[in-house]
Amino acid sequence: MATDFTSFPIIDVGPIMEKKDDPQMCEDANVLEVVKQLDQACRQTGFFYAKGHGISESLLGEVKKATRTFFQHPYEEKVKIKLTPASGYRGYQRVGENITKGVPDMHEAIDCYREFKPGMYGTLGKTMEGSNQWPLDPPNFKELMEEYINLCTDVSRNIMRGIALALGGSPYEFEGDRAGNSFWVMRLIGYPGASSLKASDIPENDIGCGAHTDYGLLTLVNQDDDITALQVRNLSGEWISAPPIPGAFVCNIGDMLEIYSNGLYKSTLHRVINKSPKYRVCVAFFYETNFDTAVEPLEICKKKTGGESKFKRAVYGEHLVGKVLTNFV
Ligand SMILES: N=C(N)NCCCC[C@H](N)C(=O)O
Ligand SMILES: O=C(O)CCC(=O)C(=O)O
Ligand SMILES: [Fe+2]
């Protein structure tokens, strides 16, 4: 249940990362303290900062730097890796091409998804079939991002272990058939500075990304260190800023975790407005369930919430494809 929060807790997830290969992790007092903090954050805000995750500040900075370098290229260069239905909706979208609730967003982005064998997910999977499209400059782009994706996958899996414990389950609740083969998404996003759009031919609107919830389990946001632009809506309808904390991820819950938890944890509405004159870069990693997972409230969560299922079962791939097909002009 979202509350009237005015800020977000900072959680040092170090203890869960340290105990990740220890089957007795749930008996460790430091782990249990993190679990308690995760539970509180997920119930109250659906957003928290994670520090102590083990990904170096220099790598966090490098992926943002490479992203910025790509967006600085002329349109002719960027459009070489254009997102199309034929590319499985992977690749570059220019400012205004992504749509949220019918309104064009003032951001450009590269979308990447986990790659998979064509046909593996039948007709439903067809929409997402394709190879990721990587920029050639900087030359180590693909390698760098793949390293980053692997590290983010590991951090997310381990934070989800903490969240599984917070829900009263086994640490491995979100592995195997649920999210053992996460259909992750990575979006490299650029938000033009506030004044730069006026002079261009792009229809003016100051919303970098309109109000939305994320689709899957857990999002890791790696945002520029010097601009506050991400806002989260609290119970009263106020928009609360999530300013950058260098080295920390902003983490938030997605729609599938809301269902698994039977609404105990909510996927909180958020948006992005870049009021700064500076260009803002954000690298968002979305840790999701397996593509073909049918998600329904966990028994342990139903017990905590009155016994009844508050959600219909949802196949993650259907949820994703429904979004992707309506996200672009
Ligand atoms: N994969 C994720 N979560 N992407 C978030 C993008 C949110 C904006 C999108 N136009 C929308 O309306 O959902
Ligand atoms: O730019 C940000 O800080 C967050 C972006 C976001 O919410 C998203 O891509 O889902
Ligand atoms: Fe989001």
Side-chain angles (χ1 to χ4, degrees), residues 8 45-49 60 63-64 67-68 71 83 88-90 93-114 127-128 132 149 152 156 182-193 205-233 239-245 248-258 266-276 278-289 291 316-317 319-329:
F8 308 97
T45 64
F47 270 75
F48 57 90
Y49 293 92
L60 293 176
V63 300
K64 283 179 288 197
T67 300
R68 193 181 318 276
F71 289 136
L83 172 157
Y89 291 87
R90 297 153 193 265
Q93 61 216 251
R94 71 183 306 176
V95 175
E97 255 181 308
N98 202 312
I99 305 227
T100 302
K101 303 210 174 91
V103 180
D105 288 325
M106 294 299 105
H107 71 254
E108 54 186 333
I110 300 177
D111 287 359
C112 318
Y113 296 86
R114 189 196 178 104
T127 306
M128 305 314 302
N132 289 324
I149 288 164
C152 286
S156 305
S182 169
F183 197 74
W184 54 258
V185 186
M186 184 174 66
R187 305 195 69 220
L188 311 174
I189 317 168
Y191 302 88
N205 149 8
D206 57 0
I207 309 290
C209 186
H212 66 278
T213 59
D214 290 345
Y215 315 154
L217 291 176
L218 181 75
T219 306
L220 306 183
V221 171
N222 171 13
Q223 56 175 332
D224 261 346
D225 284 342
D226 53 352
I227 300 170
T228 297
L230 174 59
Q231 303 177 348
V232 185
R233 205 182 66 169
W239 289 98
I240 307 302
S241 289
I245 298 183
F249 286 115
V250 174
C251 297
N252 65 282
I253 286 168
D255 300 334
M256 296 304 112
L257 185 49
E258 175 166 326
K266 292 274 193 302
S267 54
T268 314
L269 211 56
H270 55 284
R271 67 180 185 188
V272 180
I273 304 180
N274 182 15
K275 294 198 185 102
S276 153
K278 279 202 276 193
Y279 190 95
R280 173 177 182 266
V281 164
C282 168
V283 176
F285 179 81
F286 302 92
Y287 188 73
E288 318 293 63
T289 66
F291 187 80
Y316 173 66
H319 186 55
L320 174 67
V321 167
K323 294 282 188 180
V324 166
L325 293 179
T326 52
N327 268 350
F328 299 98
V329 273

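Each ligand, and each atom within it, is numbered from 1 in the order the structure gives.
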Practice item. Quick one: closest heavy-atom pair of T100 and A211, and the distance? Key: CG2-O, 3.5 Å
Exercise for review: For T100, counting its heavy atoms only, list the atoms of ligand 1 lying under 4.0 Å from any of them.
Suggested key: 8 (C), 9 (C), 10 (N), 11 (C), 12 (O)
Exercise for review: Show which atoms of ligand 1 fall inside a sub-4.0 Å distance from at least one heavy-atom site of N98.
Suggested key: 9 (C), 10 (N)
Review point. To which protein heavy atom is atom 3 (N) of ligand 1 closest, and what is the distance rounded to 0.1 Å?
Key: F286 CE2, 3.3 Å
Check your understanding: Do you see a donor-acceptor pair shorter than 3.5 Å between the side chains of H270 and D214?
Key -> yes
Practice item. Might you point out which heavy atoms bring C152 and F249 nearest each other, and give the distance in Å? Key: SG-CZ, 4.2 Å
Review point. By number and element, which atoms of ligand 2 are closer than 4.0 Å to a non-hydrogen atom of V221?
Key: 3 (O)
Study note, to complete from the structure: Near F286 (heavy-atom distance under 4.0 Å), the atoms of ligand 2 are 8 (C), 9 (O), 10 (O)
Point to revise | Proximal atoms of ligand 2 relative to R187 (non-hydrogen, under 4.0 Å) | key: 9 (O)
Check your understanding: Is the shortest distance from a Lys or Arg side-chain nitrogen in R68 or D224 to a carboxylate oxygen in the other one below 4.0 Å?
Key -> yes
Practice item. Among all protein heavy atoms, pick out the one at the shortest distance from atom 9 (O) of ligand 2; state its residue, atom name and that distance to 0.1 Å. Key: I189 CD1, 3.4 Å
Study note, to complete from the structure: All heavy atoms of P192 vs all of N274, minimum pair found to be O-ND2, 3.3 Å
Review point. Do any nitrogen or oxygen atoms of K101 come within less than 3.5 Å of a nitrogen or oxygen of ligand 1?
Key: no
Point to revise | Among N252, T268, T219, D255, the one residue meeting side chain to side chain donor-acceptor pair (under 3.5 Å) with T213 | key: D255
Practice item. On the 0 to 90° scale, with breaks at 30° and 60°, tag the Y279-F71 ring pair as parallel, tilted or perpendicular. Key: tilted
Practice item. Any atoms of ligand 2 less than 4.0 Å from a non-hydrogen atom of H270? List them with their elements. Key: 7 (O)
Review point. When you measure from the side chain of R271 to the backbone N and O of I207, does any donor-acceptor pair fall under 3.5 Å?
Key: no
Check your understanding: Of the non-hydrogen atoms in Y89 and Y113, which two are nearest, and what is the gap between them?
Key -> O-CE1, 3.5 Å
Practice item. Check whether any N or O atom of R187, backbone or side chain, sits under 3.5 Å from an N or O atom of ligand 1, and answer yes or no. Key: no
**Study point:** Closest heavy-atom pair and its distance - D105, C209
**Key:** OD1-CA, 3.4 Å
Point to revise | Proximal ligand 1 atoms for I99, defined as those under 4.0 Å from one of its heavy atoms | key: 10 (N), 12 (O)
Practice item. If the plane angle is over 60° it's perpendicular, under 30° parallel, otherwise tilted; pick one for Y215 and H319. Key: perpendicular
Exercise for review: Report yes or no: does a heavy atom of H212 sit under 4.0 Å from some atom of ligand 2?
Suggested key: yes
Review point. Looking only at heavy atoms, is any part of D214 under 4.0 Å from ligand 2, and if so is it the side chain, the backbone, or both, or is it neither?
Key: side chain
Exercise for review: Would you check whether R280 reaches within less than 4.0 Å of ligand 2, judged by its heavy atoms?
Suggested key: yes
Review point. So do the side chains of D225 and K64 get within less than 4.5 Å of each other, counting heavy atoms only?
Key: yes
Practice item. Could you tell me whether any N, O or S atom belonging to C209 is less than 2.8 Å from the Fe ion (ligand 3)? Key: no
Review point. Looking at atom 1 (N) of ligand 1, what's its closest protein heavy atom, distance included?
Key: Y215 CE1, 3.4 Å
Check your understanding: Can you name the N, O or S atom of D214 that is closest to the Fe ion (ligand 3)?
Key -> OD1
Practice item. Would you mind checking which non-hydrogen protein atom is closest to atom 5 (C) of ligand 2, with the distance to 0.1 Å? Key: Y191 OH, 3.5 Å
Check your understanding: Which residue owns the protein heavy atom closest to atom 4 (C) of ligand 2, what's the atom, and how far is it?
Key -> V272 CG2, 3.8 Å
Revision key, fill the gap. With rounding to 10 degrees, H212 NE2, the Fe ion (ligand 3) and H270 NE2 define an angle of 90°
Revision key, fill the gap. Taking only non-hydrogen atoms of C282 and a 4.0 Å limit, the atoms of ligand 2 in range are 1 (O), 2 (C), 3 (O)
Review point. Do H107 and R280 come within less than 4.5 Å of each other through their side chains, counting heavy atoms only?
Key: no
